[in-house]
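These notes are about the structure you will find just below.
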2 protein chains.
Amino acid sequence: MGLAKTEMFTDLQNEIALFAKVFGHPARVSILQHLFKINTCVCGDLVEEIGLAQPTISQHLKELKHLGLIKGNVEGTSVCYCINQDNWKAMKKVMTEFLNQDLTQKQDCC
Amino acid sequence: MGLAKTEMFTDLQNEIALFAKVFGHPARVSILQHLFKINTCVCGDLVEEIGLAQPTISQHLKELKHLGLIKGNVEGTSVCYCINQDNWKAMKKVMTEFLNQDLTQKQDCC
DNA sequence: TCTGTTAATCGTAATATTGCAATAAACAAA
DNA sequence: TTTGTTTATTGCAATATTACGATTAACAGA
């Protein structure tokens, strides 16, 4: 159906899935890495840097912004994006806890 | 197009995206959490535990297995699944490095 | 005002994902 | 061998995602 049955899962499970989903495309991974590297708020150079069409990049930026991981600031005709550090930290906490869960028994059972 | 242009990204970016994608559905998050909790290799109780149809769970398990995050072991008529600890550790390293990247400048630029 | 620049939005095509009913496969026990 | 149990596979239908051309919006400078 293409439609996840979110109502049968906990808020945390859905939150983890939402964060993971936004990282589930290499273009968005690349955008984020670039924003971390070039901390002087890159705008539409991302289009050249990444090589996808402008509407496509704009769409990926929208998703990242929607989850709060980046901020956009209009500066004249161009828009300046950067990491939302507070929200990134909060996301990192949730995801790290998920990744760091550990087995009580150290031995594989199969 | 629904088709990601993976060839324009680095292997690492694609790897991160693949791992993230598999965590991008709450059912798979839930399955993994359950396997961590019940380390005595649960099999098809997952169907009852989670509440999706058996073919659906089977499909999610297949994806987790395909990425190497879980192992399956046939035991009579039932199949016993558990976390593949080595691969989980390797995945955790990749994802943690991505999450822990930091800005050289501490101040938001916009 | 007109022109150029930049980014967002709209519309659409191609592909992927999710979910499940129906079925098959694999095995244990009678 | 037959029967029941468990899991995988097949074949769909519904929805989501990805990508981009065309267009629009917003602004700066001439």
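Quick note on labels: first sequence line is chain A, next is B, and so on, each numbered from 1. In this text the structure is predicted, and so the values were computed from the model without any measurement.
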- Atom CG of Asn73(A) to atom P of dA26(D): distance rounded to whole Å? 17 Å
- Glu75(A) atom CD is separated from dT6(C) atom P, nearest whole Å, by 14 Å
- Lys65(B) or Leu3(A): which one's nearest nucleotide on DNA chain D is closer to the 5' end? Lys65(B)
- Task: Ignoring backbone atoms, establish whether Tyr81(B) has a side-chain N or O less than 4.0 Å from OP1 or OP2 of dA8(D).
- Result: yes
- Among the nucleotides dA19(D), dT9(D), dC20(C), which one has an atom lying closest to any side-chain atom of Ser58(B)? dT9(D)
- Query: What does Ser78(A) touch in the nucleic acid at a heavy-atom separation under 4.0 angstrom: a base, only the sugar-phosphate, or nothing?
  - Reply: sugar-phosphate
- Between dT15(C), dA8(D), dA8(C), which nucleotide has the shortest distance from any of its atoms to the side chain of Val79(B)? dA8(D)
- Nearest heavy-atom neighbours spanning Trp88(B) and Ile83(B): CB-CG2, 4.1 Å
- Task: Give the rounded distance in Å between these two atoms: NE2 of His60(A) and P of dT9(C).
- Result: 15 Å
- Residues which pass side-chain hydrogen bond (donor to acceptor under 3.5 Å, both in side chains) with Glu49(B), listed by chain and number, not counting sequence neighbours: none
- dT6(C) P sits how many Å from Glu49(A) CD, rounded? 17 Å
- Of all pairs that satisfy salt bridge (Lys or Arg N to Asp or Glu O under 4.0 Å), the ones with a partner from residues 4-22 of chain B, not counting sequence neighbours: none
- Task: Apply side-chain hydrogen bond (donor to acceptor under 3.5 Å, both in side chains) to Thr6(B) and list each qualifying residue two or more places apart in sequence or on a separate chain.
- Result: none
- Message: Without decimals, in angstroms, what is the distance between Ile57(B) CD1 and dA8(D) C1'?
- Response: 14 Å
- Where is the tightest heavy-atom contact between Val94(A) and Leu12(A), given as atom of each residue plus distance? CG1-CD1, 4.0 Å
- Query: What does Leu52(A) touch in the nucleic acid at a heavy-atom separation under 4.0 angstrom: a base, only the sugar-phosphate, or nothing?
  - Reply: sugar-phosphate
- Message: Per the side chain to side chain donor-acceptor pair (under 3.5 Å) rule, what does the pair list look like for residues 50-61 of chain B, sequence neighbours excluded?
- Response: Arg28(B)-His60(B)
- Item | Residue pair Leu32(A) / Ile70(A), side-chain heavy-atom distance below 4.5 Å | yes
- How does protein contact run along nucleotides 21-30 of chain C, one letter per nucleotide 5' to 3', with B for base contact, S for sugar-phosphate only, - for none, heavy atoms under 4.0 Å? BB----B---
- So, with a heavy-atom separation below 4.0 Å from DNA chain D, the residues of residues 21-30 of chain B are none
- Query: Where is the tightest heavy-atom contact between Leu99(A) and Phe23(B), given as atom of each residue plus distance?
  - Reply: CD2-CE1, 4.1 Å
- Write down the distance between CD (Glu63(B)) and P (dT7(D)), rounded to a whole number of angstrom. 18 Å
- Lys62(A) NZ to dA7(C) P, in whole Å, measures 16 Å
- Note on the structure: Rounded to whole Å, the CG-P distance (Leu61(B) to dT17(C)) equals 17 Å
